[in-house]
2 protein chains.
Amino acid sequence: MLQTATRRLAATDATLLPAHKPPGTRGLILAAGLKLFAERGYAGASIRELADAVGVQPASLYAHYPSKEHVLSALCRIGHEELLRRVRRTLQGCGEDPRDQVFAYVRGHVGMQSAFPMLAVVANAELHALSPALSAASLGLRQQSIQLLTDIVQRGAQQGVFTVPDVWLAVAAIGAMGDRVAYWYTPDHKLSTRFVCEVYAQYALRILAASPAGPSA
Amino acid sequence: MLQTATRRLAATDATLLPAHKPPGTRGLILAAGLKLFAERGYAGASIRELADAVGVQPASLYAHYPSKEHVLSALCRIGHEELLRRVRRTLQGCGEDPRDQVFAYVRGHVGMQSAFPMLAVVANAELHALSPALSAASLGLRQQSIQLLTDIVQRGAQQGVFTVPDVWLAVAAIGAMGDRVAYWYTPDHKLSTRFVCEVYAQYALRILAASPAGPSA
DNA sequence: GTCTATATGAAGATAGAC
DNA sequence: GTCTATCTTCATATAGAC
């Protein structure tokens with residue numbers, strides 16, 4: 001009853017950048033919570049398990065976070081910040097051609113999902129467990145990331161370089177494709193991060209029926 | 001702390017066919033469990049809430065299912081059976097052209113996700129909560145569904161009608177795109193089921209860089 | 001098959017010493 | 001900031017009458 005048949009996701013390491021983690025025990029709590037929430041879900045992981053993983057008593061957690069929900073909230077926020085940061089970075093200096101921009105966006109998106117699979121799973125799949133006050137920041141960041149892509153696709157469609165029956169539907173498809181990567185990618189996967197990013201960026205352009213690149217590409 | 005900010009999925013009705021449901025209270029338990037597990041996750045829903053939703057006392061549930069886990073197991077199985085049934089049906093009589101077969105498969109897949117969003121979400125996203133014995137049947141069915149698509153794409157690639165850098169990666173992308181539909185589709189969505197199915201089937205062919213159809217299409 | 005009542009354990013969170 | 005100890009509520013599941 002405790003053992004799970006299939007792992008929820010393939011990754012086993014709760015990867016977090018030093019920049020993501022507050023120093024000391026707070027950082028340890030985030031890392032341990034990330035692994036637990038990714039593997040068993042927010043509701044399926046207990047404060048006691050979290051404390052065990054950190055190596056402290058359950059009560060000690062409350063010196064750092066006022067509730068279990070606040071730990072999840074912090075993780076979701078870090079995940080959505082990392083995603084937005086990445087797509088903004090890959091978009092920087094890639095020019096005005098919507099094809100280049102979609103390519104860059106998907107590289108950033110898939111790069112995030114494969115570099116931080118647990119963070120991506122938790123930020124996306126556990127957000128619904130938060131109360132409105134604690135999910136608001138993450139929802140805002142997510143909306144910004146989606147809007148970035150939507151604007152690019154919209155502009156490309158208007159310019160005639162993309163041909164899609166519905167912009168929103170195409171954005172949903174490209175997003176879904178990238179988000180899923182977090183569930184199966186591991187650092188030792190036979191396909192490299194770079195390869196997956198490039199291939200999915202190409203698939204995105206195919207979905208959009210992107211016309212062959214002009215002089216700018 | 002109890003209210004969720006964003007719904008986990010847009011659908012609000014726990015759609016199940018009469019053919020899916022055992023008669024009497026067992027059927028009511030499945031329908032109520034489907035809604036609860038879809039909206040709050042397996043671990044986030046309690047036996048008491050389930051009993052409340054059915055309109056019986058918690059103890060009465062155990063006359064029908066030996067445990068909460070068995071309710072989830074039944075739901076996952078129904079979902080994966082429905083998916084396999086649908087893709088098999090749409091594949092029937094669509095000929096040997098891999099392009100037609102991919103188109104049919106995705107119509108069946110997306111058709112399932114939009115017709116039974118809660119069932120699709122539970123069957124896919126909650127399967128990890130089951131012990132091996134109770135998830136085995138669903139895992140087998142899922143594997144069959146995936147293999148069907150994999151074989152089609154593989155054959156199309158060998159015949160030269162599809163051009164993909166990696167078959168598995170393309171299948172993952174097409175599957176992810178379709179699976180996601182269950183999270184946003186509702187019966188009163190401005191896009192019709194039929195439209196979404198057709199568009200995503202087309203996107204799948206685009207991902208595969210399908211060559212223009214020959215005489216058979 | 002449903003009920004009332006309850007066993008038994010685990011949940012999130014707090015009090016207060018050190 | 002961490003501990004021990006505990007409060008209170010809720011969890012899954014069972015016993016046994018009707």
statement: Closest non-hydrogen contact found for B/Leu127 with B/Ala123 is CB-O, 3.5 Å
- prompt: Is A/Glu81 salt-bridged to A/Arg85, going by a charged N under 4.0 Å from an acidic O?
  reply: no
- prompt: Should the ring pair A/His189 and B/Trp168 be called parallel, tilted or perpendicular, given that the plane angle runs from 0 to 90° and is split at 30 and 60?
  reply: tilted
Atom-to-atom span, CG of B/Leu28 to C1' of C/dG1 - whole angstrom: 13 Å
query: Would you say B/Thr25 reaches C/dG1's phosphate, i.e. side-chain N/O to OP1/OP2 under 4.0 Å?
result: no
Using distance only, find each side-chain donor-acceptor pair of residues 170-185 of chain A under 3.5 Å and give its atom names and separation, not counting sequence neighbours.
{"unit_1": "A/Asp179", "atom_1": "OD1", "unit_2": "A/His109", "atom_2": "NE2", "d": "2.8"}
{"unit_1": "A/Asp179", "atom_1": "OD2", "unit_2": "B/Arg180", "atom_2": "NH2", "d": "2.7"}
{"unit_1": "A/Arg180", "atom_1": "NH2", "unit_2": "B/Asp179", "atom_2": "OD2", "d": "2.7"}
{"unit_1": "A/Tyr185", "atom_1": "OH", "unit_2": "A/Leu191", "atom_2": "O", "d": "3.4"}
{"unit_1": "A/Tyr185", "atom_1": "OH", "unit_2": "A/Thr193", "atom_2": "N", "d": "2.9"}
{"unit_1": "A/Tyr185", "atom_1": "OH", "unit_2": "A/Thr193", "atom_2": "OG1", "d": "2.8"}

statement: Of all heavy-atom pairs linking B/Pro165 and A/Tyr203, the shortest is CD-OH, 3.5 Å
field: Gap between atoms CG and P, on A/Leu36 and C/dG12 respectively (whole Å)
entry: 11 Å
- prompt: If every non-hydrogen atom of B/Arg155 is compared with every non-hydrogen atom of B/Pro98, which pair is closest and at what distance?
  reply: NH1-CG, 4.1 Å
task: Take the protein atom OH of B/Tyr65 and the nucleotide atom C1' of D/dA13, then report the distance between them rounded to whole Å.
output: 18 Å
message: Please check if the number of heavy atoms outside A/Arg77 that lie under 6.0 Å from its CZ is greater than 12.
response: no
message: Give me each pair satisfying salt bridge (charged side-chain N to carboxylate O under 4.0 Å, His left out) with a member in residues 120-142 of chain A, each pair once, sequence neighbours excluded.
response: A/Arg8-A/Glu126
message: So if I take residues 44-53 of chain A and measure heavy-atom distances to DNA chain D, which residues fall below 4.0 Å?
response: none
For residues 21-38 of chain B, dump all side-chain donor-acceptor pairs below 3.5 Å to protein atoms at least two apart in sequence or in another chain.
{"unit_1": "B/Arg26", "atom_1": "NH1", "unit_2": "B/His64", "atom_2": "O", "d": "2.6"}
{"unit_1": "B/Lys35", "atom_1": "NZ", "unit_2": "B/Thr12", "atom_2": "O", "d": "2.8"}
{"unit_1": "B/Lys35", "atom_1": "NZ", "unit_2": "B/Glu39", "atom_2": "OE2", "d": "3.2"}

query: Any side-chain heavy atom of A/Val106 sitting closer than 4.5 Å to one from A/Cys197?
result: no
Test side-chain hydrogen bond (donor to acceptor under 3.5 Å, both in side chains) applied to A/Ser67 and A/His70, step by step: CA-CA 5 Å; A/Ser67 76; A/His70 283 79; 2.7 Å; yes
task: Would you mind reading off the distance between A/Lys68 atom NZ and C/dA11 atom P, rounded to a whole angstrom?
output: 9 Å
query: the helix from C/dG1-D/dC18 to C/dC18-D/dG1: angle between its terminal axes, five pairs each, to 10°?
result: 0°
- prompt: Where along residues 56-64 of chain A does a heavy atom fall under 4.0 Å from DNA chain C?
  reply: A/Ala59, A/Tyr62
